[in-house]
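Accompanying notes for the structure given below.
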Amino acid sequence: MATIVCWNTAFLLQIIILAVQVLAGRDFYAILGVSKSANTNQIKRAYRKLAKEHHPDKNKNDPDAERRFQDLGAAYEVLSDEEKRRVYDRHGEEGLGKGDTHGDPFSSFFGDFGFGFGGMREQEQEIPRGGDVLMDLEVTLEELYSGNFVEVVRYKPVAKPARGTRRCNCRMEMVTTQLGPGRFQMSQQQVCDECPNVKFVPEEKVLEIEIEPGMRDGQIYPFVAEGEPHVDGEPGDLKFRIKQSKHKMFERRGDDLYTNVTISLTDALVGFEMNIEHLDKHKVHVSRDKITWSGARLRKAGEGMPNYENNNVKGALFITFDVEFPKGALTEEQKEGLRKLLDQESKQTVYNGLQGF
C-alpha cells in the first residue's frame, strides 16, 4: 500500500512540474545560451551562430531539428525586440500575445547569405518584386579582424493609403464577343481590378550591420525586403557589399596578412628585436639573432586574419624585410676595415631575375 502511495505521489509531482513548465513557457535565454543581462549585440551573435548550426536543411536526419530551430527563432524575435523582451521578463511567454513569436526570423536576419539552405524563397518566385538595391559599405581591416556593428540610416519608400482607386492586378484574358447570330470572336484584352490608391512616403529606418570577424572583401550582406518597393507585390532586397579600405601597414590576401619592415644595415648584420602592433593592438614579437638580407621573409603562424567559417583558425602574418643602407661616403680606412670584417670576396652576377634564372 505504501509503495502505491509513493508511486502516486511521484507521478503527481511529475505532472505538477510539467504543468508549471508549460505555463511558464520556454526559457528564451537558455535557448540562446545567453544571460538575462545580455545586450542586443550578444543576442544577435548567439542567434546567428546557433541558427547556422541547427538549421533543418543541415540536420535532415534529426527529427528534433525543426523544433529547435523554431525555438531559436522565437527566442531571437522576442529578446531582440525591447518591448517584447520587457513583457517576457515580467510575465514570461504567456504574457506575449498570440502570434507574436512565429519563430521564423531566419530569412530576414540572414537573407540569401550563401549558406546553401534551399527552399527559403521558392514560394516567392511568382510574386512581383521590387528591384534590389546594391550599395558598397567601406569597412576597415580592423573591423574585419575583430568584428563590429555598423548602423546605417535608410530612407525607405513606404506605401501609405491615398484617396481614390487605381488599376491593379492587370492581366491578359480571353474575351468572347458575339458578332451576330452564331458568330463569335475571341480576343485577348487587358483586364484590371480596382484597388485602393496608395502613395509612397520616405521613412527613416536605422539598419544595423554586423561586421563579423573574417568577412571578406566583396562579401554581400543582405536585408530582405528593404529594397525598392512594388505597388502590387513585395519589395526587393537591400544588399551591402563589403569593401575593405586600404591599410597603411597590412595587406590582406585570403586569411593571410603581409607587411614590410625596414631595418638598418646594422640591425641586418648583428640582429634585432622589435614589436609590431597588430590590428587589435596586441604585440607581435619579432627577434633576429642572425644576418637578415634585404627581401628576407619571416612567417608568424596564427597572426593573420580569422577564418570567416571558423574564427578559431587564423592565417599567417608574413613580414618582408627591407634594409636601409647608411648615407654618406666611407674613408679608405673604413672600407678596408669592412673588407676584413666581412671576409667576403667581391661578386657581380648578371642573370634574368624575372624568369627565375
Side-chain angles (χ1 to χ4, degrees), residues 33-35 37-50 52-53 136-152 208-219 221 240-328 341-342:
V34 298
S35 67
S37 60
N39 59 36
T40 303
N41 289 347
Q42 291 171 327
I43 289 170
K44 287 184 177 183
R45 287 181 185 275
Y47 173 71
R48 180 183 288 274
K49 179 177 180 295
L50 293 173
K52 289 181 186 178
E53 296 176 1
D136 289 339
L137 179 67
E138 187 168 306
V139 296
T140 65
L141 196 56
E142 285 84 357
E143 290 174 315
L144 294 174
Y145 182 84
S146 302
N148 192 22
F149 282 87
V150 179
E151 288 189 348
V152 176
E208 190 173 60
I209 302 171
E210 181 183 6
I211 307 300
E212 293 185 271
M215 290 184 80
R216 301 178 179 92
D217 185 60
Q219 191 166 334
Y221 191 106
F240 288 96
R241 180 169 51 202
I242 302 299
K243 298 294 290 184
Q244 176 191 310
S245 58
K246 290 185 178 180
H247 199 274
K248 65 179 181 179
M249 286 179 53
F250 298 103
E251 176 75 16
R252 180 185 183 182
R253 298 177 184 173
D255 291 338
D256 295 329
L257 290 174
Y258 292 79
T259 190
N260 284 63
V261 174
T262 299
I263 58 177
S264 67
L265 180 59
T266 303
D267 290 338
L269 294 175
V270 303
F272 63 93
E273 285 189 64
M274 66 172 295
N275 288 320
I276 298 176
E277 186 175 87
H278 212 291
L279 294 167
D280 62 347
K281 306 298 183 184
H282 82 268
K283 308 297 182 183
V284 180
H285 186 69
V286 179
S287 176
R288 295 280 293 177
D289 57 1
K290 54 186 177 182
I291 294 175
T292 303
W293 61 92
S294 182
R297 178 175 287 179
L298 179 66
R299 181 179 183 271
K300 303 287 285 188
E303 292 292 353
M305 294 291 293
N307 181 268
Y308 177 67
E309 284 75 23
N310 183 1
N311 290 168
N312 294 322
V313 177
K314 292 185 178 180
L317 171 63
F318 293 91
I319 306 168
T320 302
F321 295 99
D322 305 315
V323 179
E324 184 179 76
F325 282 74
K327 298 178 180 179
L341 177 63
L342 298 177

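- Across all non-hydrogen atoms, the minimal contact from P306 to P213 is CG-CB, 3.9 Å.
- Residue S245 comes nearest to E138 through the heavy atom pair CB-OE2, 3.5 Å, listed as atom of the first residue, atom of the second, then distance.
- For R216, the side chain to side chain contact (heavy atoms under 4.5 Å, CB included) partners are Q219, R252, D255, N307, Y308, E309, not counting sequence neighbours.
- The two residues Y145 and G304 come nearest to each other via the heavy atoms CE1-O, 3.3 Å.
- Judged as a salt bridge (Lys or Arg N to Asp or Glu O under 4.0 Å), and not counting sequence neighbours, the contacts of E208 are K44.
- Here R241 pairs with D136 under the salt bridge (Lys or Arg N to Asp or Glu O under 4.0 Å) rule; sequence neighbours left out.
- Annotation: the span from I319 atom CD1 to Y258 atom OH amounts to 12.5 Å, rounded to 0.5 Å.
- Listed by chain and residue number, nothing satisfies the side-chain hydrogen bond (donor to acceptor under 3.5 Å, both in side chains) test with S294 (two or more places apart in sequence, or in another chain).
- Listed by chain and residue number, T292 satisfy the side-chain hydrogen bond (donor to acceptor under 3.5 Å, both in side chains) test with R288 (two or more places apart in sequence, or in another chain).
- When the side chain to side chain contact (heavy atoms under 4.5 Å, CB included) test is applied to D289, no partner is found at least two apart in sequence or on another chain.
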(request) Might you work through the side-chain hydrogen bond (donor to acceptor under 3.5 Å, both in side chains) test for E143 and N148, ending with a clear yes or no? (result) CA-CA 6 Å; E143 290 174 315; N148 192 22; 2.8 Å; yes
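- You'll find the side chain of V323 stays beyond 4.5 Å of the side chain of F321, heavy atoms only.
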(request) Output, in order, the C-alpha distance, side-chain angles, deciding distance and verdict of side chain to side chain contact (heavy atoms under 4.5 Å, CB included) for H247 and T140. (result) CA-CA 8 Å; H247 199 274; T140 65; over 6 Å; no
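- The structure places OG of S146 at 13.5 Å from CD of E212, a figure rounded to the nearest 0.5 Å.
- Residues satisfying the side chain to side chain contact (heavy atoms under 4.5 Å, CB included) criterion with A316, sequence neighbours excluded, are D256, R299, F318.
- Of the inter-residue distances, the one linking F149 atom CZ with I211 atom CD1 reads 9.5 Å to the nearest 0.5 angstrom.
- Looking at residues two or more places apart in sequence or on another chain, you find no side-chain hydrogen bond (donor to acceptor under 3.5 Å, both in side chains) involving E251.
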(request) Give the C-alpha distance, both sets of side-chain angles, the deciding distance and a yes or no for side chain to side chain contact (heavy atoms under 4.5 Å, CB included) between L257 and L141. (result) CA-CA 10 Å; L257 290 174; L141 196 56; 4.1 Å; yes
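- Remark: S37 pairs with S35 by the side chain to side chain contact (heavy atoms under 4.5 Å, CB included) rule, at least two apart or across chains.
- Atoms CG and CD1, on L137 and I242 in that order, are 5.0 Å from each other to the nearest 0.5 Å.
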Per-pair distances, 0.1 Å, donor-acceptor, side chain in residues 273-280, under 3.5 Å, sequence neighbours excluded:
| from | atom 1 | to | atom 2 | distance (Å) |
| --- | --- | --- | --- | --- |
| E273 | OE1 | H285 | NE2 | 3.0 |
| N275 | OD1 | H285 | ND1 | 3.0 |
| E277 | OE2 | K283 | NZ | 3.0 |
| H278 | NE2 | E303 | O | 2.6 |
| D280 | OD1 | H282 | N | 3.3 |
| D280 | OD1 | H282 | ND1 | 2.4 |
| D280 | OD2 | H282 | ND1 | 3.3 |

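- Listed by chain and residue number, nothing satisfies the side-chain hydrogen bond (donor to acceptor under 3.5 Å, both in side chains) test with N39 (two or more places apart in sequence, or in another chain).
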Indicate every side-chain donor-acceptor pair of residues 261-269 with a distance under 3.5 Å to a residue at least two apart or in another chain.
| from | atom 1 | to | atom 2 | distance (Å) |
| --- | --- | --- | --- | --- |
| S264 | OG | D267 | N | 3.1 |
| S264 | OG | D267 | OD2 | 3.3 |

